[in-house]
Each structure stands twice: as C-alpha cells, then as structure tokens.
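One-based numbering along the sequence shown.
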Amino acid sequence: MSSTTIIYILIIIFANTLGAVSGMGGGIIIKPAMDFINQDNLNNINFFSTVAVLTMSIVSIYRQTRSGINIDKKTSLVLAAGSILGGLLGGEILQTFIRYASSLKVVSIGQTVITIGVLIIILLNSLWPHANLTLKKPYYYFFTGLCLGTLSSGLSIGGGPMNTALLVFMFSTPIKSANLYSLVIIFFSQAASLLSLSVKTHGFSGYKTNLLMYIIPAAIIGGLLGSALAKRLPNHVIQKLFIIMVSGIILLNLYNLSQLI
C-alpha cells in the first residue's frame with residue numbers, strides 16, 4: 001500500500017465522519033483535499049469522491065433512521081426522483097465540459113470557482129439571521145432535488161452543504177431531518193451519476209478501480225463514526241460544526257484555486 005493510498009484512506013474517514021454528522025457528505029472535503037495532494041488526475045479524483053460519498057450515504061441513512069431520526073417517506077421519494085434526474089443531468093454536463101474543455105485544468109478551475117461561490121452564499125445564509133420559508137407542495141421538493149442533484153454531480157462534491165442549507169431555508173426543516181434528507185439526495189444523485197459513468201466507460205475503463213478496495217471500507221468507517229456522533233450531538237452543535245466546516249472548505253478551495261491559476 002502506497003503512502004498516497006494511506007493518505008486517501010485517512011482523508012475519506014475524516015471527511016465522511018464530518019460529512020455524515022453535518023449532512024454535508026464527504027465529497028465537499030474529499031475532492032479539494034485530493035486536489036491539494038495532487039497525486040491523481042481530475043477524472044480519478046471525481047470518481048473516488050463519488051464512490052466514497054455514495055458509500056457513506058448508504059451507511060449513514062441506514063444508521064440514522066435506525067437511531068430514531070425520522071423523515072417523511074413521501075417527501076423522500078419526491079426528493080429522490082428529482083435528485084436522480086439531477087444526478088444524470090449533472091454527470092452529463094460534467095462529462096461534456098471535460099470533453100470540450102481545452103484541458104482538465106480548465107475543468108478543475110471551473111469546478112473550484114463554482115464551489116467557492118456556492119459555499120460563500122451558504123455561509124452568509126447560515127450566519128445572517130433571516131426568516132425561512134415554509135413551502136409544502138411536492139413539486140417544490142422535486143425541483144429542489146433536481147437542482148441539488150445537478151450541482152452535486154456536476155461539481156463531484158456530493159452537494160451536502162447546499163442540500164442542508166436549501167432544505168432548511170425553503171421548507172423550515174429541522175437541522176437533523178434536513179441532514180438526513182440531504183443524504184437521501186446525495187445517495188440518489190451520486191448513484192445515478194455513477195451508473196451513467198459506468199455505462200459510458202464500459203465498467204469504468206481507464207479509472208483506478210483497484211483503489212476501491214481501500215476507498216469503500218474507509219467510506220463505511222467514516223459513515224459509521226459520523227452516524228454515531230449525529231445521534232449524540234444536539235442541533236446547535238451540529239449547526240456550529242456546519243459553519244466551521246464550510247469556512248474551512250472555502251479556504252482550502254481558495255488555496256487550490258491559487259495553485260491552478
């Protein structure tokens with residue numbers, strides 16, 4: 001096992017633990033952290049991040065629902081439908097961008113800039129007191145899932161910070177329930193994106209699938225640790241953790257951007 005693989009394992013465990021607690025998903029940390037290490041190309045980093053986040057979401061959804069955190073099944077299905085379509089759309093947009101961009105560096109710069117912009121909006125939304133909406137119609141949930149699924153797959157970050165913040169703002173969802181809905185969106189959008197990629201590449205041909213034997217167990221460990229913490233931490237602590245994580249990730253992405261330009 002190489003030193004890079006060991007670092008990847010540690011990143012995924014750390015990222016998925018925090019991601020499962022806050023509902024952010026680990027991808028928002030995994031991708032910029034792997035970009036920072038700079039040991040693999042963009043395609044492989046996106047692939048590793050997607051697999052790790054998908055695995056974490058499965059573990060976390062199972063454990064958190066078993067621990068008593070409840071969400072509405074009908075709402076989950078509507079969000080899932082939107083996020084599946086969004087996941088396919090976001091994956092297609094990303095692959096089209098990669099295909100026609102002058103280099104993978106340009107794609108990475110584009111992803112990083114959009115991610116920073118979205119995270120700054122989310123941070124300001126979390127810090128600035130405001131009234132949340134109380135939308136209830138199913139089509140609001142569907143289009144929310146569609147938009148979030150598209151962004152999460154297109155940026156290869158899982159989309160957790162966007163998911164949680166928008167769910168709280170639009171539907172006044174309690175933070176723990178919003179985190180669980182976020183994981184549902186992450187699962188379906190990433191699964192759809194990964195399935196589409198598998199078909200197009202004939203079983204991930206050209207990707208470092210040999211590393212999945214380390215990435216998947218690391219993602220499971222992170223999901224289990226995060227789910228255990230999510231059960232024990234009160235809402236206000238999770239909210240503070242969310243803000244700290246978003247702030248740190250913005251700084252890491254700004255550093256990565258400075259190295260790309």
Side-chain angles (χ1 to χ4, degrees), residues 1-64 104 108 111-112 115-116 119 152 155-161 163-164 179 182-183 186-187 190 193-194 204 207-233 237-238 240-260:
M1 185 186 301
S2 68
S3 59
T4 299
T5 302
I6 294 173
I7 293 172
Y8 280 1
I9 290 171
L10 294 175
I11 287 173
I12 290 169
I13 292 174
F14 175 75
N16 278 358
T17 298
L18 293 181
V21 171
S22 64
M24 293 175 66
I28 194 70
I29 301 174
I30 294 169
K31 186 181 182 300
M34 289 186 176
D35 283 340
F36 175 77
I37 295 170
N38 196 29
Q39 292 297 309
D40 276 293
N41 63 34
L42 179 65
N43 283 330
N44 276 309
I45 289 173
N46 288 341
F47 176 61
F48 297 153
S49 178
T50 300
V51 172
V53 169
L54 176 63
T55 304
M56 178 279 300
S57 68
I58 295 171
V59 174
S60 298
I61 290 170
Y62 175 75
R63 289 299 297 268
Q64 291 189 37
L104 288 179
S108 189
Q111 284 185 310
T112 305
T115 300
I116 291 171
L119 288 175
S152 67
L155 297 176
S156 301
I157 58 172
N163 298 353
T164 301
N179 289 347
S182 171
L183 292 169
I186 289 170
F187 168 73
Q190 298 303 294
S193 179
L194 203 60
F204 308 117
Y207 289 84
K208 290 185 177 180
T209 54
N210 59 303
L211 290 185
L212 296 185
M213 63 184 293
Y214 304 109
I215 289 172
I216 292 175
I220 292 173
I221 292 170
L224 290 173
L225 290 174
S227 298
L229 287 173
K231 181 180 178 181
R232 291 170 173 79
L233 295 178
V237 173
I238 292 176
K240 288 180 179 178
L241 178 62
F242 180 87
I243 292 171
I244 292 170
M245 284 182 66
V246 171
S247 301
I249 296 162
I250 289 173
L251 293 175
L252 180 56
N253 275 286
L254 284 171
Y255 176 81
N256 288 341
L257 183 62
S258 70
Q259 299 303 300
L260 288 168

Peer 1: For the side chain of Ser258 and the backbone of Tyr255, is there at least one donor-acceptor N/O pair under 3.5 Å apart?
Peer 2: yes
Peer 1: Distance from Leu257 atom CG to Ile116 atom CD1, nearest 0.5 Å?
Peer 2: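 It comes to 5.0 Å.
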Peer 1: Applying side-chain contact (heavy atoms from CB on, under 4.5 Å), name anything that partners Leu194, two or more places apart in sequence or on another chain.
Peer 2: Phe47, Thr50, Val51, Leu54, Phe204
Peer 1: On a heavy-atom basis, which atom in Leu183 and which in Ser60 lie closest, and how many Å separate them?
Peer 2: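 Scanning both residues, the minimum pair turns out to be CD1-CB, 3.6 Å.
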Peer 1: Sequence neighbours excluded, which residues qualify as side-chain contact (heavy atoms from CB on, under 4.5 Å) partners of Thr17?
Peer 2: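 Applying side-chain contact (heavy atoms from CB on, under 4.5 Å) to Thr17 gives Ile13, Leu225, Leu229.
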Peer 1: Return the set of residues passing side-chain contact (heavy atoms from CB on, under 4.5 Å) with Ser2 (not counting sequence neighbours), or none when no residue passes.
Peer 2: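 In terms of side-chain contact (heavy atoms from CB on, under 4.5 Å), with neighbours along the sequence ignored, Ser2 is linked to Thr4, Thr5.
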Peer 1: Please report the interatomic distance CG(Leu260) to CG(Leu104), rounded to the nearest 0.5 Å.
Peer 2: 11.5 Å
Peer 1: As an exercise, state the distance from OH of Tyr8 to OG of Ser3, rounded to the nearest 0.5 Å.
Peer 2: 10.0 Å
Peer 1: Looking at CG of Asn44 and OG of Ser49, how far apart are the two atoms once the value is rounded to the nearest 0.5 Å?
Peer 2: 12.0 Å
Peer 1: Which value, rounded to the nearest 0.5 Å, describes the distance between Gln259 atom CD and Ser108 atom OG?
Peer 2: 11.5 Å
Peer 1: Please tabulate, for side-chain N and O atoms in residues 207-221, each donor-acceptor pair with protein atoms closer than 3.5 Å (sequence neighbours left out).
Peer 2:
{"unit_1": "Lys208", "atom_1": "NZ", "unit_2": "Asp40", "atom_2": "OD1", "d": "2.6"}

Peer 1: Just how far is it from atom NZ of Lys31 to atom CG of Asp35, taken to the nearest 0.5 Å?
Peer 2: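 If I round to the nearest 0.5 Å, the distance is 4.0 Å.
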Peer 1: Would you check if Asn256 and Leu252 make a side-chain contact, meaning some heavy-atom pair closer than 4.5 Å?
Peer 2: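 Yes - at least one pair of side-chain heavy atoms lies under 4.5 Å apart.
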Peer 1: Assess whether side-chain contact (heavy atoms from CB on, under 4.5 Å) is satisfied between Met56 and Ile12, documenting all intermediate values.
Peer 2: CA-CA 9 Å; Met56 178 279 300; Ile12 290 169; over 6 Å; no
Peer 1: Verify side-chain contact (heavy atoms from CB on, under 4.5 Å) between Gln111 and Leu42, making sure each step is shown before the conclusion.
Peer 2: CA-CA 11 Å; Gln111 284 185 310; Leu42 179 65; 3.5 Å; yes
Peer 1: Can you name the residues that form a side-chain hydrogen bond (donor to acceptor under 3.5 Å, both in side chains) with Tyr62, not counting sequence neighbours?
Peer 2: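 Arg66.
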Peer 1: Restricting to side-chain contact (heavy atoms from CB on, under 4.5 Å), what partner residues turn up for Ile243, sequence neighbours left out?
Peer 2: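 With sequence neighbours excluded, Ile243 shows a side-chain contact (heavy atoms from CB on, under 4.5 Å) to Leu123, Ser126, Leu127, Gln239, Ser247, given in chain and number order.
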Peer 1: Compare every heavy atom of Asn16 with every heavy atom of Gly223, then report the nearest pair and how far apart it is.
Peer 2: N-CB, 4.1 Å
Peer 1: Verify side-chain contact (heavy atoms from CB on, under 4.5 Å) between Ile37 and Ile11, making sure each step is shown before the conclusion.
Peer 2: CA-CA 11 Å; Ile37 295 170; Ile11 287 173; 3.2 Å; yes
